Structures are given as C-alpha cells and as structure tokens.
Amino acid sequence: MTNDIEFFEEGLVHFFNRLKIAATFPEPIGILAYILILVLGVTIGVSVTVWLERKVSAGVQQRIGPEYAGALGIMQSLADGIKLLLKEDVIPARGNARLFTIGPAVVVIPVFITFLVIPFGQNIILSNLGIGVFFWIAISSIVPLGILMAGYGSNNKYSFLGGLRAAAQSISYEIPLALCVLSISLLSNSLSTIDIVNSQSNYGFLGWNLWRQPIGFTAFFISSLAECERLPFDLPEAEEELVAGYQTEYSGIKFGLFYVGSHLNLLVSSLFVAVLYLGGWDSSIPFFENIVQNASTANSIDESFNLLRPIVEILTTLSKSYLFIFISILTRRTLPRVRMDQLLDLGWKFLLPIALANLLLTAAFQILVIN
C-alpha cells in the first residue's frame, strides 16, 4: 500500500512541478485523496450501471426508456436519488427502530469496503492484501445480516420472510463461490488480486483463467447472480409473493440505500469476474506492451506511454466488467424467476458438487505440474 501511495505522490509531484507549483503530500492526505477519488468513481459507476440497465432493458422490451432527464436520460439516476432523498422517512410504529435504521447501512457499507482490494491497474489499488479475494468473500457475507435485520425490524411478515430467504440464498451460493475462488487461487499460487491478474498476463487473452477454468467460470457466474439477488434469483424481493420483500416498509433514502447496494454489489461482482477470469487490466493483445515499448525510441513517447498507461488499464478493467453487467441485464430480461425450492436445489445439489469437483481437478493438476 505504501508503494502505491508513493507512486501516486510522485506522479502528482511531477505534475505540479511542471506547473511550477511545489507540492508535498503526507501519507494521510494521499490516502484520503485516493479514498475520495475511489468513492466518487464508485458513485459514478453505480449511476452508469443504473442507466445502462434501464436503457438495455428498454431495448430488449422494445421501449424507449429514460430520455428526458439529460441527454439520453443520463441524469435520470441523479433525479431519482434527489427524489428519494426528499421523500418522508417512515418508521413502523411497532417495529424495532434501531434494527430498521441500521439494516440499510449494514447492507451498503461492506460492499464499499470490498473496493479496497479491487485492482483497476498494476498500481491502482488501495490495499494489496495477501488474502484479497477471501477478504471480499468474508466482507460480502455480512450483507445478508443487514437484510435480515431490516426484515425483522420492520415487524412485517412479508419483510421477515424476505430476510429469511436472503439468508438462505446467501448461504447456499457463498460456498460454491468460495470454491471457485479457491480454484483460481490454486492456479495463481496466490490469494492477492494483483498476483492473480499478473499470472494471466503472459499470453494475452489466451492466458485468461476463463479458458483454464470454464466450469468454474460458469459456476462463479451463476453464484454471483444469486449473491446479487438478480433475476432469476431475486427471491428475497419477489414482488408477486412478498410485495417487496425486506424493502416493503422502507421509504425515502433508506429504500434508496438498498437500491444502491444492489447495483453496487453487481458492480463489485463484475469487477471480480474481470480480475479473476478475464485478465483484469491486462491487454487482450499478446506482447502488445513489448511491441509498443520497442517501437518508442524518443523520451517524449516513453513519457506519454507511461502517463497513458493507468488510463488504459482502468478503461480495460471497466470494459470487461461492464460486459459482464450487460450479460447480467440480458439474463434478467430473458429468464423467468425460479421457485425457492429450485433455487436451493440448484445451489446445494448442482453448483456445490460441480465447484467441489472443479477444485479437486485443479488441485490434482497442480500436483502433477509440481511433480
């Protein structure tokens, strides 16, 4: 983490020196600036995800979608956020006010924390932990507790049933998800997200874990959709059965937090799909970086390439993650909702044995390679 901060500090100091401005940044200010930039970027990313889901869903259903709030409706998410912020915050008279209030925060905050270990580039990460991927799984397992607190604190049978469904669904699909992540860690010989991406960078897109772990990728894709409570796995908030599930009694900004948390979780899952299976920030063209470096002989070209490298890495990571989001949106508008028993059977009787068999095959392959 200190090396990453020094990297950004040196870049900013060099920039200010070229502008004839002296700049010295202590480490706490660098950390705070990076956190603020990350929060701003995540907020914009969630807004883009909401807009993309509405426009793609409208295209699939042959509708127009949002178009009046800004060009192509890009300001619709901001308008909805302001509307929810100005609405009255209602607390059930016989509900548990503390649990009712804490629930949305417990849902949103852990998802924000997982961005600590997501690498957007070689040096663009807040904290390169040695257990990065399992840190994500451990933190994301807190979210169902917030949903259960919200359902119980509402003093509503529909909300409580939605919370119970969320807890059962999360337990069912967290285990296959963890087994798929463990298989990737065995292939990469590391739990660090940086090391996992670097292990895929030798042969461009031919070195992606997608080709080495197709079964694990399929299980991870299905499990991540269930973790995000996306159709066809949105049983905790099934409108036909539970009114709105654990969100039934919520209004105003608290309902908005659940809404943001859902799309934020989808964004986190898509970023981890890009990091674990699609090579992360690495270019899809084999040996492209070496060719560019050999072709650049002038110092000005080298400086331009070094300045553009972080931007290219961020754009590459985001393009891969938004491809996964696009597929998730199409899945939502294509497949029907499953029943609760089908949901649990898929997790325990299908995905869990497949993920376990994939882990055993990966471990056996690694042992053969070592021997």
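All values below were derived from every heavy atom in this structure, side-chain atoms included, with hydrogens, water molecules and symmetry-related copies excluded. These numbers were taken from a predicted model, which means no experiment stands behind them.
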Legend entry - Side-chain (Asp89) to main-chain (Gly252) donor-acceptor, under 3.5 angstrom: no
Inset, instruction - With the side chain counted from C-beta on, respond yes when Tyr322 and Thr49 share a heavy-atom pair under 4.5 Å apart, and no when they do not. - result: yes
Inset, instruction - Mark yes when over 12 heavy atoms from residues, nucleotides or ligands other than Ile215 sit less than 6.0 Å from its CD1; otherwise mark no. - result: no
Inset, instruction - Could you check Arg230 against Ser328 for side-chain hydrogen bond (donor to acceptor under 3.5 Å, both in side chains), going step by step and ending with a plain yes or no? - result: CA-CA 8 Å; Arg230 303 281 299 179; Ser328 302; 5.7 Å; no
Inset, instruction - Could you check whether the rings of Trp211 and Trp208 sit parallel, tilted or perpendicular, using 30° and 60° as the cut-offs? - result: parallel
Inset, instruction - Show your working on side-chain hydrogen bond (donor to acceptor under 3.5 Å, both in side chains) between Trp348 and Ser172 and close with a plain yes or no. - result: CA-CA 6 Å; Trp348 289 107; Ser172 301; 2.9 Å; yes
Legend entry - Residues, nucleotides or ligands: over 12 heavy atoms within 6.0 Å of Arg63 CZ: yes
Legend entry - Side chain to side chain, Phe134 and Ile137, heavy atoms closer than 4.5 Å: yes
Legend entry - Intermediate values then yes/no, side-chain contact (heavy atoms from CB on, under 4.5 Å), Leu330 and Val56: CA-CA 8 Å; Leu330 292 183; Val56 173; 4.0 Å; yes
Inset, instruction - Can you establish whether the number of heavy atoms outside Leu368 located under 6.0 Å from its atom CG is more than 12? - result: yes
Legend entry - Whether over 12 other heavy atoms sit under 6.0 Å from Tyr259 OH: yes
Inset, instruction - May I ask you to decide whether Glu229 forms a salt bridge with Arg165, counting only side-chain N to carboxylate O separations under 4.0 Å? - result: no
Inset, instruction - Provide the closest heavy-atom pair for Val117 versus Gly132 in the form atom of the first, atom of the second, distance. - result: CG2-O, 3.6 Å
Legend entry - Exam field: side chain Glu53 to backbone Ile329, donor-acceptor pair closer than 3.5 Å: no
Inset, instruction - Check whether any side-chain heavy atom of Lys254 lies under 4.5 Å from a side-chain heavy atom of Ile91, and answer yes or no. - result: yes
Inset, instruction - For Gln62 and Ala58, indicate whether the former's side chain and the latter's backbone hold a donor-acceptor pair under 3.5 Å. - result: no
Inset, instruction - Identify whether the distance between the nearest side-chain nitrogen and carboxylate oxygen of Arg54 and Asp80 falls below 4.0 Å. - result: yes
Inset, instruction - Could you check if a side-chain atom of Ile175 sits within less than 4.5 angstrom of a side-chain atom of Tyr173, using non-hydrogen atoms only? - result: no
Inset, instruction - Look at the side chain of Ser190 and the backbone N and O of Ser192, then say whether any donor-acceptor pair between them is shorter than 3.5 Å. - result: yes
Inset, instruction - For the residue pair Leu187 and Arg212, establish whether any side-chain heavy-atom pair is separated by less than 4.5 Å. - result: yes
Inset, instruction - Flag the pair Phe258 / Tyr246 as yes when their ring centroid distance falls below 6.0 Å, and as no otherwise. - result: yes
Inset, instruction - Please check if the side chain of Gln342 supplies one atom and the backbone of Arg339 the other of a donor-acceptor pair under 3.5 Å. - result: yes
Inset, instruction - Taking all heavy atoms of Leu351 and all of Ser223, pick out the closest pair and write down the distance. - result: CD1-OG, 3.7 Å
Legend entry - Residue pair Ile196 / Ile184: nearest heavy atoms and the distance that separates them: CG2-CG2, 3.8 Å
Legend entry - Check: Phe100 ring centroid to Tyr250 ring centroid under 6.0 Å: yes
Legend entry - Pair Trp136 + Phe272: ring centers closer than 6.0 Å: yes
Legend entry - Main-chain N/O of Leu186 paired to Gln366 side chain as donor or acceptor, under 3.5 Å: yes
Inset, instruction - Report yes or no: do Val60 and Phe326 belong to one cluster of Ile/Leu/Val/Met/Phe/Trp/Tyr joined by side chain heavy-atom distances under 4.5 Å? - result: yes
Inset, instruction - Please report the closest heavy-atom contact between Glu227 and Asn265, naming both atoms and the distance. - result: O-ND2, 3.6 Å
Inset, instruction - Check Ser224 against Phe324 and note the closest heavy-atom contact, atom names and distance. - result: OG-CZ, 3.5 Å
